[in-house]
Amino acid sequence: MYRQNSPHVSQSRSPPVYRAMHDPSGPATLSTTVVHALSDCLDVDVTDSRLSLYDSVDPDALDALFRPRHDGRPRHGGTLSFSVRGHSVTVDSDGEILIEPPVRR
């Protein structure tokens, strides 16, 4: 599963930013946590087949990118950003997931 702080909207940015946190010691993969966060943010069912990471990022590569090293040491200092359905998604090596809605003009 994933650990999510209650949906947090940053007051310092416009548009609002949705924040979730991946628990690397939990049973869910990082890509699963991202999909759950996106489904919460977009207010769609997580099983909705239209919600997929495959058009934006390879879920297996995302999971491997921040997976602990072979000796068990965590990876630090990296981020990955991509877009899903117009939303900007940023994943940090510490497990923080930020989702920004499309900019409205």
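Because the structure is a prediction, the values reported are computed rather than measured. Heavy atoms only: backbone and side chains are in, while hydrogens, waters and symmetry mates are out.
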Legend entry - Gap between atom CZ of Arg19 and atom CD1 of Ile99 - 0.5 Å precision: 11.5 Å
Legend entry - Close side-chain approach of Leu38 to Leu53, heavy-atom, < 4.5 Å: yes
Inset, instruction - Could you grab the distance from atom CZ of Phe82 to atom CG of Asp55, nearest 0.5 Å is fine? - result: 12.0 Å
Inset, instruction - Output the distance between atom OG (Ser93) and atom CG (Leu80), rounded to the nearest 0.5 Å. - result: 11.0 Å
Inset, instruction - Please examine the side chains of Phe66 and Asp92, heavy atoms only from C-beta on, and report whether any two atoms are closer than 4.5 Å. - result: no
Inset, instruction - Can you measure from NE2 (His76) to CZ (Arg69) and round to the nearest 0.5 angstrom? - result: 8.0 Å
Inset, instruction - Let me know which of Leu51, Asp45, Val34, Thr47 forms a side chain to side chain contact (heavy atoms under 4.5 Å, CB included) with Ser39. - result: Leu51
Inset, instruction - Of all the heavy-atom pairs spanning Pro102 and Arg85, show the shortest one and how long it is. - result: CG-O, 4.5 Å
Legend entry - Carboxylate-amine/guanidinium proximity below 4.0 Å for Asp71 and Arg73: yes
Inset, instruction - With the side chain counted from C-beta on, respond yes when Leu98 and Glu100 share a heavy-atom pair under 4.5 Å apart, and no when they do not. - result: no
Inset, instruction - Spell out, as yes or no, whether a donor-acceptor pair under 3.5 Å connects the side chain of Ser56 to the backbone of Ser83. - result: yes
Inset, instruction - Give, for atom CG of Leu62 and atom OG1 of Thr29, the distance between the pair rounded to the nearest 0.5 Å. - result: 8.0 Å
Legend entry - Thr32 OG1 to Asp63 CG distance, which is reported to the nearest 0.5 Å: 6.5 Å
